[in-house]
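So the structure is just underneath, and the comments pick up after that.
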Amino acid sequence: MIYLDNAGTTKMFEECVEVHKKFSCEQFFNPSALSEESMQVSKLISETEKFLLKRLGASEGNILFTGCATESNNLAIKGSFRKGAWEYVFSEGEHPSVYNVAKKLEMDGCVVHFVPLASDGCVDLRALEKVLNEKTRLISIMHVSNETGAINDLKKISEIKLKKCPKAILHVDGVQGFMKIPVVLRQTAVDLYSFSGHKFHAPKGIAGLYVKNKGALKEIFQGGGQQFGLRSGTENVSGIMQLRKAVELIVEKTNFLRVSRLKNVFNSALKENKVGLTCDDACKNLQNGAVKIENCDGVVIRDFCGSPYIENLVFQGVKGETMLHALNQEGVIVGLGSACSSKKAGNRILEKIGVSPEDIISSVRISFNAYMTDEEVLKAAEIIKITYHKIKEKVS
Ligand code: PLP
(Lines give C-alpha, C1' and ligand atoms only; values in the text may rest on other atoms or scores of the structure.)
Protein backbone atom coordinates (compact mmCIF):
# COMPACT_ATOMS: atom_id res chain seq x y z
CA MET A 1 0.00 0.00 0.00
CA ILE A 2 1.27 3.48 -0.87
CA TYR A 3 -0.24 6.08 1.44
CA LEU A 4 -0.57 9.57 -0.03
CA ASP A 5 -3.11 11.06 2.39
CA ASN A 6 -0.75 12.29 5.09
CA ALA A 7 -2.59 15.60 5.51
CA GLY A 8 -5.52 13.47 6.74
CA THR A 9 -3.45 11.57 9.25
CA THR A 10 -0.02 9.96 9.49
CA LYS A 11 1.30 6.59 10.57
CA MET A 12 2.43 6.75 14.17
CA PHE A 13 6.15 6.33 14.90
CA GLU A 14 6.71 2.85 16.36
CA GLU A 15 8.87 4.45 19.04
CA CYS A 16 5.67 5.91 20.52
CA VAL A 17 4.41 2.44 21.46
CA GLU A 18 7.10 2.00 24.12
CA VAL A 19 6.36 5.47 25.48
CA HIS A 20 2.66 4.61 25.65
CA LYS A 21 3.41 1.47 27.62
CA LYS A 22 5.71 3.31 30.01
CA PHE A 23 3.24 6.07 30.81
CA SER A 24 0.16 3.85 30.88
CA CYS A 25 1.41 0.78 32.76
CA GLU A 26 4.39 2.06 34.78
CA GLN A 27 4.31 5.82 35.33
CA PHE A 28 0.51 5.91 35.08
CA PHE A 29 -0.01 8.36 37.95
CA ASN A 30 -2.43 11.27 37.92
CA PRO A 31 -0.32 14.42 37.50
CA SER A 32 -2.63 16.37 39.83
CA ALA A 33 -2.30 13.99 42.80
CA LEU A 34 0.13 14.69 45.62
CA SER A 35 2.32 11.58 45.71
CA GLU A 36 5.94 11.89 44.72
CA GLU A 37 5.21 9.65 41.72
CA SER A 38 2.46 12.03 40.58
CA MET A 39 4.67 15.05 41.06
CA GLN A 40 7.32 13.37 38.93
CA VAL A 41 4.77 12.96 36.13
CA SER A 42 3.64 16.57 36.56
CA LYS A 43 7.27 17.68 36.23
CA LEU A 44 7.63 15.72 32.99
CA ILE A 45 4.58 17.51 31.59
CA SER A 46 6.06 20.90 32.51
CA GLU A 47 9.34 19.96 30.86
CA THR A 48 7.47 18.84 27.74
CA GLU A 49 5.65 22.16 27.69
CA LYS A 50 8.98 24.02 27.74
CA PHE A 51 10.36 21.71 25.06
CA LEU A 52 7.37 22.42 22.79
CA LEU A 53 7.57 26.18 23.36
CA LYS A 54 11.13 26.00 22.13
CA ARG A 55 10.14 24.01 19.03
CA LEU A 56 7.45 26.61 18.32
CA GLY A 57 10.08 29.33 18.55
CA ALA A 58 8.13 31.04 21.34
CA SER A 59 9.91 33.09 23.99
CA GLU A 60 6.95 33.19 26.39
CA GLY A 61 3.61 31.50 27.00
CA ASN A 62 2.14 28.09 27.79
CA ILE A 63 0.91 24.98 26.03
CA LEU A 64 -2.54 23.62 26.80
CA PHE A 65 -2.86 19.94 25.93
CA THR A 66 -6.17 18.99 24.31
CA GLY A 67 -7.71 15.93 22.66
CA CYS A 68 -7.55 17.15 19.05
CA ALA A 69 -6.98 20.33 17.08
CA THR A 70 -10.73 20.66 16.66
CA GLU A 71 -10.84 21.15 20.43
CA SER A 72 -7.83 23.53 20.36
CA ASN A 73 -9.52 25.65 17.68
CA ASN A 74 -12.84 25.71 19.55
CA LEU A 75 -11.07 26.66 22.78
CA ALA A 76 -9.12 29.42 21.02
CA ILE A 77 -12.19 30.98 19.43
CA LYS A 78 -14.86 30.44 22.07
CA GLY A 79 -12.36 31.17 24.83
CA SER A 80 -11.58 34.54 23.18
CA PHE A 81 -15.24 35.48 22.78
CA ARG A 82 -16.44 38.38 24.94
CA LYS A 83 -19.88 39.96 25.18
CA GLY A 84 -20.15 43.41 23.64
CA ALA A 85 -19.78 45.13 20.29
CA TRP A 86 -16.78 43.09 19.23
CA GLU A 87 -15.98 41.86 15.74
CA TYR A 88 -14.48 38.51 14.74
CA VAL A 89 -12.38 37.96 11.63
CA PHE A 90 -11.73 34.65 9.84
CA SER A 91 -10.30 33.70 6.47
CA GLU A 92 -12.52 31.97 3.92
CA GLY A 93 -9.98 29.16 3.79
CA GLU A 94 -10.36 27.83 7.30
CA HIS A 95 -10.81 24.18 8.22
CA PRO A 96 -14.35 23.29 9.39
CA SER A 97 -13.12 23.22 13.00
CA VAL A 98 -12.67 27.01 12.70
CA TYR A 99 -15.10 27.88 9.91
CA ASN A 100 -18.10 26.21 11.51
CA VAL A 101 -17.37 27.89 14.86
CA ALA A 102 -17.26 31.22 13.00
CA LYS A 103 -20.61 30.44 11.33
CA LYS A 104 -22.09 29.61 14.74
CA LEU A 105 -20.86 32.96 16.15
CA GLU A 106 -22.52 34.67 13.18
CA MET A 107 -25.77 32.78 13.75
CA ASP A 108 -25.67 33.81 17.40
CA GLY A 109 -25.65 37.46 16.30
CA CYS A 110 -21.93 38.38 16.44
CA VAL A 111 -20.32 40.57 13.79
CA VAL A 112 -18.22 38.11 11.81
CA HIS A 113 -16.10 38.97 8.76
CA PHE A 114 -14.79 36.38 6.33
CA VAL A 115 -11.70 37.57 4.46
CA PRO A 116 -11.44 36.21 0.88
CA LEU A 117 -8.56 34.20 -0.50
CA ALA A 118 -6.36 35.27 -3.39
CA SER A 119 -5.98 32.91 -6.36
CA ASP A 120 -2.80 31.48 -4.83
CA GLY A 121 -4.88 30.17 -1.92
CA CYS A 122 -3.46 32.65 0.63
CA VAL A 123 -5.58 35.12 2.54
CA ASP A 124 -6.00 38.42 0.68
CA LEU A 125 -3.91 40.75 2.85
CA ARG A 126 -5.44 43.96 1.49
CA ALA A 127 -8.93 42.73 2.25
CA LEU A 128 -7.72 41.71 5.72
CA GLU A 129 -6.31 45.16 6.37
CA LYS A 130 -9.58 46.78 5.29
CA VAL A 131 -11.71 44.74 7.65
CA LEU A 132 -9.63 45.14 10.83
CA ASN A 133 -10.47 47.97 13.24
CA GLU A 134 -10.37 48.81 16.94
CA LYS A 135 -13.46 46.66 17.54
CA THR A 136 -11.72 43.52 16.28
CA ARG A 137 -11.54 41.04 19.13
CA LEU A 138 -10.16 37.97 17.34
CA ILE A 139 -8.47 37.20 14.03
CA SER A 140 -8.24 33.52 13.12
CA ILE A 141 -6.20 32.58 10.06
CA MET A 142 -4.64 29.22 9.33
CA HIS A 143 -0.91 28.79 8.78
CA VAL A 144 -0.96 26.19 5.96
CA SER A 145 -4.09 25.23 4.03
CA ASN A 146 -5.04 21.59 4.43
CA GLU A 147 -6.62 21.72 0.96
CA THR A 148 -3.98 23.47 -1.14
CA GLY A 149 -0.83 23.71 0.98
CA ALA A 150 -0.87 27.53 0.54
CA ILE A 151 1.19 29.17 3.29
CA ASN A 152 -0.10 32.35 4.91
CA ASP A 153 2.63 34.84 5.79
CA LEU A 154 2.33 35.12 9.57
CA LYS A 155 4.84 38.00 9.73
CA LYS A 156 2.83 40.13 7.32
CA ILE A 157 -0.45 39.25 9.04
CA SER A 158 1.16 40.22 12.34
CA GLU A 159 2.30 43.58 10.97
CA ILE A 160 -1.20 44.35 9.74
CA LYS A 161 -2.72 43.34 13.05
CA LEU A 162 -0.26 45.47 15.04
CA LYS A 163 -1.01 48.44 12.80
CA LYS A 164 -4.81 48.15 12.76
CA CYS A 165 -5.81 46.48 16.04
CA PRO A 166 -2.86 45.84 18.37
CA LYS A 167 -5.12 44.59 21.16
CA ALA A 168 -6.90 41.95 19.06
CA ILE A 169 -6.09 38.29 19.63
CA LEU A 170 -4.40 36.52 16.72
CA HIS A 171 -5.17 32.80 16.49
CA VAL A 172 -3.46 30.55 13.96
CA ASP A 173 -4.55 27.02 13.12
CA GLY A 174 -1.08 25.54 12.68
CA VAL A 175 -2.13 21.92 12.16
CA GLN A 176 -0.54 21.61 8.70
CA GLY A 177 2.36 23.89 9.63
CA PHE A 178 3.91 22.71 12.89
CA MET A 179 6.66 20.11 12.37
CA LYS A 180 6.41 20.59 8.60
CA ILE A 181 7.49 24.12 7.78
CA PRO A 182 9.52 26.58 9.91
CA VAL A 183 7.50 28.05 12.81
CA VAL A 184 9.11 30.86 14.82
CA LEU A 185 6.31 32.40 16.84
CA ARG A 186 8.50 35.02 18.54
CA GLN A 187 8.96 36.69 15.15
CA THR A 188 5.19 37.14 14.89
CA ALA A 189 2.33 38.60 16.91
CA VAL A 190 0.57 35.22 17.18
CA ASP A 191 -1.25 34.78 20.51
CA LEU A 192 -2.73 31.32 20.02
CA TYR A 193 -1.44 28.48 17.80
CA SER A 194 -3.19 25.08 17.41
CA PHE A 195 -1.45 21.83 16.50
CA SER A 196 -2.36 18.15 16.39
CA GLY A 197 -0.18 15.10 17.09
CA HIS A 198 -1.64 12.71 14.54
CA LYS A 199 -0.56 14.98 11.68
CA PHE A 200 3.12 14.39 12.54
CA HIS A 201 3.37 10.72 13.50
CA ALA A 202 2.21 11.04 17.13
CA PRO A 203 -1.00 9.21 18.12
CA LYS A 204 -4.54 10.44 17.60
CA GLY A 205 -6.18 11.97 20.67
CA ILE A 206 -3.41 14.37 21.66
CA ALA A 207 -3.09 17.96 20.46
CA GLY A 208 -2.19 21.36 21.83
CA LEU A 209 -2.86 25.06 21.90
CA TYR A 210 -0.03 27.53 22.38
CA VAL A 211 -1.26 30.42 24.56
CA LYS A 212 0.89 33.55 24.80
CA ASN A 213 -1.16 35.21 27.50
CA LYS A 214 -3.38 33.00 29.66
CA GLY A 215 -5.34 36.04 30.87
CA ALA A 216 -6.81 36.61 27.40
CA LEU A 217 -8.52 33.21 27.31
CA LYS A 218 -11.53 31.80 29.19
CA GLU A 219 -12.30 28.13 29.70
CA ILE A 220 -15.06 26.60 27.58
CA PHE A 221 -15.95 23.87 30.03
CA GLN A 222 -15.76 23.70 33.78
CA GLY A 223 -14.16 20.99 35.87
CA GLY A 224 -11.30 20.24 38.22
CA GLY A 225 -9.22 23.24 37.14
CA GLN A 226 -6.30 21.42 35.50
CA GLN A 227 -4.10 23.34 33.07
CA PHE A 228 -4.69 26.74 34.69
CA GLY A 229 -8.43 26.07 34.72
CA LEU A 230 -8.44 26.58 30.94
CA ARG A 231 -8.72 22.92 30.05
CA SER A 232 -10.04 20.87 32.94
CA GLY A 233 -9.72 17.10 32.89
CA THR A 234 -6.90 14.72 33.76
CA GLU A 235 -4.09 15.23 31.27
CA ASN A 236 -3.46 12.50 28.70
CA VAL A 237 0.01 11.83 30.06
CA SER A 238 0.86 9.00 27.70
CA GLY A 239 -0.36 11.06 24.72
CA ILE A 240 1.66 14.09 25.82
CA MET A 241 4.82 12.01 26.18
CA GLN A 242 4.22 10.31 22.83
CA LEU A 243 3.70 13.67 21.16
CA ARG A 244 7.00 14.76 22.69
CA LYS A 245 8.70 11.64 21.35
CA ALA A 246 7.41 12.34 17.83
CA VAL A 247 8.64 15.95 18.00
CA GLU A 248 12.04 14.74 19.22
CA LEU A 249 12.31 12.36 16.27
CA ILE A 250 11.48 14.97 13.64
CA VAL A 251 14.03 17.37 12.21
CA GLU A 252 11.75 19.77 10.34
CA LYS A 253 14.42 21.11 8.01
CA THR A 254 15.61 17.68 6.91
CA ASN A 255 12.04 16.49 6.48
CA PHE A 256 11.11 19.61 4.52
CA LEU A 257 13.96 19.01 2.10
CA ARG A 258 13.09 15.32 1.79
CA VAL A 259 9.44 16.06 1.05
CA SER A 260 10.31 18.85 -1.39
CA ARG A 261 12.45 16.36 -3.25
CA LEU A 262 9.85 13.58 -3.12
CA LYS A 263 7.23 15.93 -4.52
CA ASN A 264 9.52 16.81 -7.42
CA VAL A 265 10.30 13.16 -8.08
CA PHE A 266 6.55 12.45 -8.09
CA ASN A 267 5.69 15.39 -10.35
CA SER A 268 8.56 14.60 -12.71
CA ALA A 269 7.29 11.04 -13.00
CA LEU A 270 3.78 12.30 -13.75
CA LYS A 271 5.36 14.39 -16.46
CA GLU A 272 7.24 11.26 -17.61
CA ASN A 273 10.50 12.96 -16.86
CA LYS A 274 11.90 10.62 -14.26
CA VAL A 275 15.03 12.62 -13.56
CA GLY A 276 15.11 13.04 -9.77
CA LEU A 277 15.98 16.52 -8.61
CA THR A 278 18.52 17.30 -5.93
CA CYS A 279 17.43 18.97 -2.70
CA ASP A 280 18.84 22.26 -3.96
CA ASP A 281 16.82 22.14 -7.15
CA ALA A 282 13.74 21.21 -5.20
CA CYS A 283 14.14 24.23 -2.96
CA LYS A 284 14.75 26.62 -5.81
CA ASN A 285 11.43 25.50 -7.22
CA LEU A 286 9.65 26.34 -4.01
CA GLN A 287 8.63 29.94 -4.23
CA ASN A 288 5.48 30.88 -2.46
CA GLY A 289 2.88 33.03 -4.11
CA ALA A 290 2.34 31.60 -7.58
CA VAL A 291 0.12 28.80 -8.80
CA LYS A 292 1.83 26.53 -11.30
CA ILE A 293 -0.57 24.56 -13.45
CA GLU A 294 0.88 21.81 -15.58
CA ASN A 295 -1.15 19.48 -17.75
CA CYS A 296 0.45 16.05 -18.05
CA ASP A 297 -1.71 14.36 -20.64
CA GLY A 298 -4.98 15.01 -18.81
CA VAL A 299 -3.58 14.84 -15.28
CA VAL A 300 -3.27 18.45 -14.14
CA ILE A 301 -0.87 19.34 -11.33
CA ARG A 302 -2.22 22.44 -9.58
CA ASP A 303 0.77 23.48 -7.51
CA PHE A 304 0.05 26.32 -5.10
CA CYS A 305 3.81 26.53 -4.46
CA GLY A 306 3.28 26.52 -0.72
CA SER A 307 3.92 23.54 1.55
CA PRO A 308 5.59 20.69 -0.33
CA TYR A 309 3.57 18.28 1.81
CA ILE A 310 0.31 18.90 -0.08
CA GLU A 311 -0.64 19.11 -3.73
CA ASN A 312 -3.74 19.09 -5.81
CA LEU A 313 -4.25 16.91 -8.89
CA VAL A 314 -7.08 17.31 -11.39
CA PHE A 315 -8.04 14.32 -13.53
CA GLN A 316 -9.70 15.87 -16.55
CA GLY A 317 -12.97 14.18 -17.45
CA VAL A 318 -12.94 11.79 -14.45
CA LYS A 319 -14.43 12.39 -11.01
CA GLY A 320 -11.94 12.69 -8.16
CA GLU A 321 -14.02 10.25 -6.17
CA THR A 322 -13.90 7.68 -8.97
CA MET A 323 -10.11 8.06 -9.09
CA LEU A 324 -9.85 7.73 -5.32
CA HIS A 325 -11.71 4.39 -5.30
CA ALA A 326 -9.94 3.06 -8.40
CA LEU A 327 -6.54 3.95 -6.93
CA ASN A 328 -7.55 2.37 -3.65
CA GLN A 329 -8.14 -0.89 -5.57
CA GLU A 330 -4.60 -0.56 -6.96
CA GLY A 331 -3.13 -0.03 -3.50
CA VAL A 332 -2.69 3.76 -3.59
CA ILE A 333 -4.50 5.85 -0.99
CA VAL A 334 -5.16 9.51 -1.82
CA GLY A 335 -7.54 12.07 -0.30
CA LEU A 336 -10.36 14.26 -1.53
CA GLY A 337 -9.49 17.08 0.85
CA SER A 338 -10.39 17.56 4.48
CA ALA A 339 -11.41 14.15 5.88
CA CYS A 340 -14.15 15.93 7.86
CA SER A 341 -15.71 17.34 4.70
CA SER A 342 -14.85 14.67 2.15
CA LYS A 343 -18.28 13.09 2.41
CA LYS A 344 -19.90 16.38 1.38
CA ALA A 345 -20.15 17.44 -2.25
CA GLY A 346 -17.86 20.14 -3.66
CA ASN A 347 -14.94 21.84 -2.05
CA ARG A 348 -15.56 25.19 -0.34
CA ILE A 349 -11.92 26.26 -0.42
CA LEU A 350 -11.20 25.49 -4.09
CA GLU A 351 -14.49 27.21 -4.97
CA LYS A 352 -13.44 30.36 -3.09
CA ILE A 353 -10.11 30.42 -4.91
CA GLY A 354 -11.97 30.37 -8.21
CA VAL A 355 -11.21 26.84 -9.38
CA SER A 356 -13.84 25.80 -11.96
CA PRO A 357 -16.60 23.36 -10.86
CA GLU A 358 -15.33 20.78 -13.42
CA ASP A 359 -11.83 20.92 -11.95
CA ILE A 360 -13.16 20.72 -8.39
CA ILE A 361 -15.16 17.59 -9.12
CA SER A 362 -12.08 16.01 -10.74
CA SER A 363 -9.67 16.94 -7.91
CA VAL A 364 -7.83 14.75 -5.47
CA ARG A 365 -5.43 15.78 -2.75
CA ILE A 366 -2.02 14.15 -2.62
CA SER A 367 -0.08 14.56 0.62
CA PHE A 368 3.37 13.21 1.38
CA ASN A 369 5.40 12.34 4.44
CA ALA A 370 9.15 12.55 4.84
CA TYR A 371 9.66 8.82 5.34
CA MET A 372 8.46 7.71 1.92
CA THR A 373 10.97 6.49 -0.64
CA ASP A 374 11.58 7.62 -4.22
CA GLU A 375 10.50 4.14 -5.34
CA GLU A 376 7.13 4.54 -3.60
CA VAL A 377 6.30 7.90 -5.15
CA LEU A 378 7.53 6.78 -8.59
CA LYS A 379 5.34 3.69 -8.37
CA ALA A 380 2.38 5.78 -7.21
CA ALA A 381 2.82 8.17 -10.15
CA GLU A 382 2.94 5.24 -12.55
CA ILE A 383 -0.22 3.66 -11.07
CA ILE A 384 -2.00 7.03 -11.14
CA LYS A 385 -1.22 7.52 -14.83
CA ILE A 386 -2.23 4.00 -15.85
CA THR A 387 -5.43 4.08 -13.75
CA TYR A 388 -6.44 7.48 -15.09
CA HIS A 389 -6.00 6.50 -18.73
CA LYS A 390 -7.88 3.23 -18.22
CA ILE A 391 -10.87 5.04 -16.71
CA LYS A 392 -10.67 7.85 -19.25
CA GLU A 393 -10.87 5.34 -22.11
CA LYS A 394 -13.94 3.73 -20.53
CA VAL A 395 -15.83 6.99 -19.97
CA SER A 396 -15.04 8.56 -23.35
N1 PLP B 1 -7.12 22.19 11.17
C2 PLP B 1 -6.56 21.73 10.04
C3 PLP B 1 -5.90 22.70 9.10
C4 PLP B 1 -6.62 20.37 9.73
O5 PLP B 1 -6.06 19.92 8.60
C6 PLP B 1 -7.27 19.50 10.63
C7 PLP B 1 -7.40 18.06 10.31
O8 PLP B 1 -7.57 17.69 9.18
C9 PLP B 1 -7.81 20.03 11.81
C10 PLP B 1 -7.72 21.38 12.05
C11 PLP B 1 -8.48 19.16 12.83
O12 PLP B 1 -7.54 18.37 13.48
P13 PLP B 1 -8.00 17.18 14.47
O14 PLP B 1 -8.23 16.00 13.61
O15 PLP B 1 -6.85 16.98 15.40
O16 PLP B 1 -9.22 17.66 15.17
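No experiment lies behind these values; they were computed from the predicted model shown. Every number for a ligand or one of its atoms is a count from 1 in the order of the listing.
- Atoms of ligand 1 lying under 4.0 Å from any heavy atom of Ser97, numbered from 1 in the order shown and given with element: 10 (C).
- Between the choices His198, Lys199, Lys204, the shortest heavy-atom distance to atom 8 (O) of ligand 1 belongs to Lys199.
- Per-residue contacts place Asp173 under 4.0 angstrom from the following atoms of ligand 1 (heavy atoms of the residue considered): 1 (N), 2 (C), 3 (C), 10 (C).
- Classification of the Phe368-Phe266 ring pair by plane angle, with boundaries at 30° and 60°, yields perpendicular.
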Point to revise | From CA spacing to verdict: salt bridge (charged side-chain N to carboxylate O under 4.0 Å, His left out), Glu18, Lys22 | key: CA-CA 6 Å; Glu18 275 309 302; Lys22 181 170 176 203; over 6 Å; no
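- Under 4.0 angstrom from ligand 1, the non-hydrogen atoms of Cys68 come from both its backbone and its side chain.
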Acceptor/donor pairs from residues 106-119 side chains to any protein atom, 3.5 angstrom cut, sequence neighbours excluded:
residue : atom : partner : partner atom : Å
Asp108  : OD1  : Lys104  : NZ           : 3.4
Asp108  : OD2  : Lys104  : NZ           : 2.9
His113  : NE2  : Glu87   : OE1          : 2.9

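- Using the six-membered ring where Trp is involved, His143 and Tyr193 have ring planes that are perpendicular, over 60° apart on the 30 and 60° scheme.
- Against a heavy-atom cut-off of under 4.0 Å, Met142 is close to the following atoms of ligand 1: 3 (C).
- Contact annotation: for Ala69 versus ligand 1, heavy atoms closer than 4.0 Å belong to both the backbone and the side chain.
- Remark: the backbone N or O of Val334 is not paired with any side-chain donor or acceptor of Arg365 at under 3.5 angstrom.
- Between the side chains of Asn100 and Glu94, not a single donor N or O lies within less than 3.5 Å of an accepting N or O.
- Residue contacts with ligand 1, taken as heavy atom pairs separated by less than 4.0 Å, involve Thr70 via backbone and side-chain atoms alike.
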